[in-house]
2 protein chains.
Amino acid sequence: MDEVELSEAEFLAGYDPGAYPGVGLTADIVALTLIDAELCVLLIKRGGHPFKGCWALPGGFVNVDESSVQAATRELAEETGVELFHLEQLGTYDTPGRDPRMRVASVAYLAVLPEAVGATGDDDAVAAEWWPVGELDELELAFDHARIIADGVERISAKLEYTALATSFLRAPFTMGELRRVYEAIWVRTLHAANFRRKVLSAAGFVVPAGQTRSVGRGARVETFCAGAAVVLYPPIVREVHQS
Amino acid sequence: MDEVELSEAEFLAGYDPGAYPGVGLTADIVALTLIDAELCVLLIKRGGHPFKGCWALPGGFVNVDESSVQAATRELAEETGVELFHLEQLGTYDTPGRDPRMRVASVAYLAVLPEAVGATGDDDAVAAEWWPVGELDELELAFDHARIIADGVERISAKLEYTALATSFLRAPFTMGELRRVYEAIWVRTLHAANFRRKVLSAAGFVVPAGQTRSVGRGARVETFCAGAAVVLYPPIVREVHQS
DNA sequence: TAAATAGTGTCTCTAAGACACTATCAT
DNA sequence: ATGATAGTGTCTTAGAGACACTATTTA
């Protein structure tokens with residue numbers, strides 16, 4: 001077949017991209033935040049087929065000139081009005097048949113937003129709402145989104161141990177108690193306040209004192225902190241899985 | 001537009017998949033093994049354009065009726081002749097322009113194989129070879145494969161700490177020294193043999209005694225072990241990043 | 001003044017890291 | 001015999017978890 005040796009330019013000029021059947025590429029976002037000390041995920045009520053009326057992750061098709069991470073950033077900014085948030089790739093879901101319309105590969109992203117971000121449905125959706133992850137069993141979720149959300153929650157739960165991600169759930173300045181409640185909400189357990197404080201302060205660069213105090217509840221005025229420069233925590237804030 | 005309310009079946013019957021421009025979906029594999037106490041990655045010398053003559057990760061287009069993980073499994077089995085190996089999704093790389101032929105989203109997989117697996121080039125390739133990851137600077141790598149390999153090596157390095165993945169590099173039964181050399185090769189450092197043994201044995205389910213001994217080098221006969229049932233290690237085998 | 005919050009002191013116990021030592025066997 | 005390997009004993013130090021206690025301020 002290839003009797004004549006082609007240069008790369010000549011090869012590309014004669015190349016027909018249509019020879020391979022393409023798949024749809026979408027970016028879906030597991031956006032997490034804390035509302036009233038509960039871990040919540042942003043969901044959209046689908047207004048069109050398929051899975052009409054079910055709840056689904058925000059997301060959509062990736063444009064030809066953008067990457068999936070750019071698509072995820074764009075979609076989430078449209079949906080929440082927030083410009084700054086933590087975003088990382090969660091995984092790709094591409095089982096044949098997961099979308100009844102066509103072959104679709106969905107690159108899922110995990111986003112972490114500070115509390116009290118408004119959710120406003122855009123044109124495609126009839127409603128966007130934050131749902132506590134503990135109450136998703138009662139919901140009909142579209143596609144394989146239940147699995148994607150579960151993977152996202154597991155990821156965030158694990159990353160709290162060895163990264164400074166918890167601060168992404170908060171606005172600076174925050175108190176040590178607020179930071180502790182991030183961990184408690186996600187790990188669904190109570191933590192020892194005194195030991196937690198010591199562990200956080202001993203993790204270099206996790207938080208830095210904001211130099212202010214704040215009155216909280218009916219307790220004494222308490223110190224506030226801002227996120228430090230550390231991305232990875234050492235020593236980690238270990239989840240005490242193996243308690244007695 | 002949508003004046004008549006359609007059922008999902010009616011909607012799907014009238015749906016045109018060609019309305020969305022599809023992208024090429026490929027599965028690429030970062031296959032790692034240990035050869036002579038060096039971490040090596042399987043590479044294919046490309047016989048065709050683009051990047052003709054460069055080294056690339058094994059992989060290829062995902063068939064319409066298979067998932068990307070099935071495609072990765074198939075490709076790697078063809079390439080190495082091995083049926084059993086650890087395989088996990090590494091991430092998806094879909095920046096526009098990363099493949100000059102067309103828009104391609106590549107789902108990268110990380111595979112771990114025991115030593116001494118033959119590499120045999122298949123039809124598409126002129127050569128398949130294991131390359132030490134420390135020597136990749138001297139190689140011309142195709143596409144963004146250098147980045148993908150770097151991500152894979154980082155992933156395996158991190159997962160050695162808290163998972164039992166190291167045993168996937170070995171065939172049972174193995175000695176404690178062989179297991180230690182897996183860690184030493186990947187972390188590029190020496191470990192304290194006595195403390196390493198204690199840590200491995202204290203991680204529940206990491207290894208189980210094979211009940212045999214073996215003569216190794218000019219030392220005494222040593223105990224051998226098999227992989228245990230544990231996937232996650234507790235306590236973890238910590239990389240002593242923060243040594244004095 | 002009572003309750004709720006943050007924050008400190010300190011005790012116990014476990015585990016990590018270091019080092020010395022023993023055991024065994026190929027060369 | 002020597003040297004290389006596995007494997008044990010044990011010491012020091014750091015950190016986790018638990019508990020008691022203090023401090024402060026609002027309801």
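Keep in mind that the numbers below use all heavy atoms, side chains included, and drop hydrogens, waters and symmetry copies. As the structure is a prediction and not an experimental result, all values here were calculated from the model. Just so it is clear: chains get the letters A, B, ... in the order the sequence lines come, proteins before strands, and each one is counted from 1.
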Tabulated below should be each protein N or O lying under 3.5 Å from an N or O of nucleotides 7-9 of chain D; please produce it.
residue : atom : partner : partner atom : Å
D/dG7   : OP1  : B/E223  : N            : 2.8
D/dG7   : OP2  : B/R197  : NH1          : 2.4
D/dG7   : O5'  : B/R197  : NH1          : 3.0
D/dT8   : OP2  : B/R197  : NE           : 3.2
D/dG9   : N7   : B/R198  : NH1          : 3.3
D/dG9   : O6   : B/R198  : NH2          : 3.1

Would you please name every residue forming a salt bridge (Lys or Arg N to Asp or Glu O under 4.0 Å) with A/R221, sequence neighbours left out?
-> none
Taking only residues two or more places apart in sequence or in another chain, which ones pass side chain to side chain donor-acceptor pair (under 3.5 Å) with A/Q89?
-> none
What salt bridge (charged side-chain N to carboxylate O under 4.0 Å, His left out) pairs are there with at least one residue in residues 84-93 of chain A, not counting sequence neighbours?
-> A/E88-A/R155, A/E88-A/K159
Rounded interatomic separation in angstrom, taking CD1 from A/I237 and C1' from D/dG17 = 14 Å
Would you mind telling me which residue lines up with the more 5' stretch of DNA chain C, B/P236 or B/A220, judged by nearest nucleotide?
-> B/P236
Please state how far atom CZ in B/F196 lies from atom P in C/dC19, giving the value in whole angstrom units.
-> 20 Å
Name all pairs fulfilling the ring pair (Phe, Tyr, Trp, His ring centres under 6.0 Å) condition that reach into residues 140-179 of chain A, sequence neighbours left out, sorted by first residue then second.
-> A/F51-A/F143, A/F143-A/H145
Which of residues 205-218 of chain A have a heavy atom under 4.0 Å from DNA chain D?
-> A/S215, A/G217, A/R218
In whole Å, what is the span from the NZ atom of B/K199 to the C1' atom of C/dT14?
-> 14 Å
Which residues satisfy the salt bridge (Lys or Arg N to Asp or Glu O under 4.0 Å) test with B/R181, sequence neighbours excluded?
-> none
Who passes salt bridge (Lys or Arg N to Asp or Glu O under 4.0 Å) against B/E140, sequence neighbours left out?
-> none
Sorted by chain and residue number, the side chain to side chain donor-acceptor pair (under 3.5 Å) partners of A/D144 (sequence neighbours excluded) come out as A/R98
Roughly how many Å is it from CG in A/L233 to P in D/dG15, rounded to a whole number?
-> 15 Å
Whole-Å gap separating P (D/dT5) and CG (B/L179) = 17 Å
Under 4.0 Å between a Lys/Arg side-chain N and an Asp/Glu carboxylate O for B/E178 and B/R171?
-> no
What is the distance from CZ of A/R180 to C1' of C/dT5, rounded to the nearest Å?
-> 9 Å
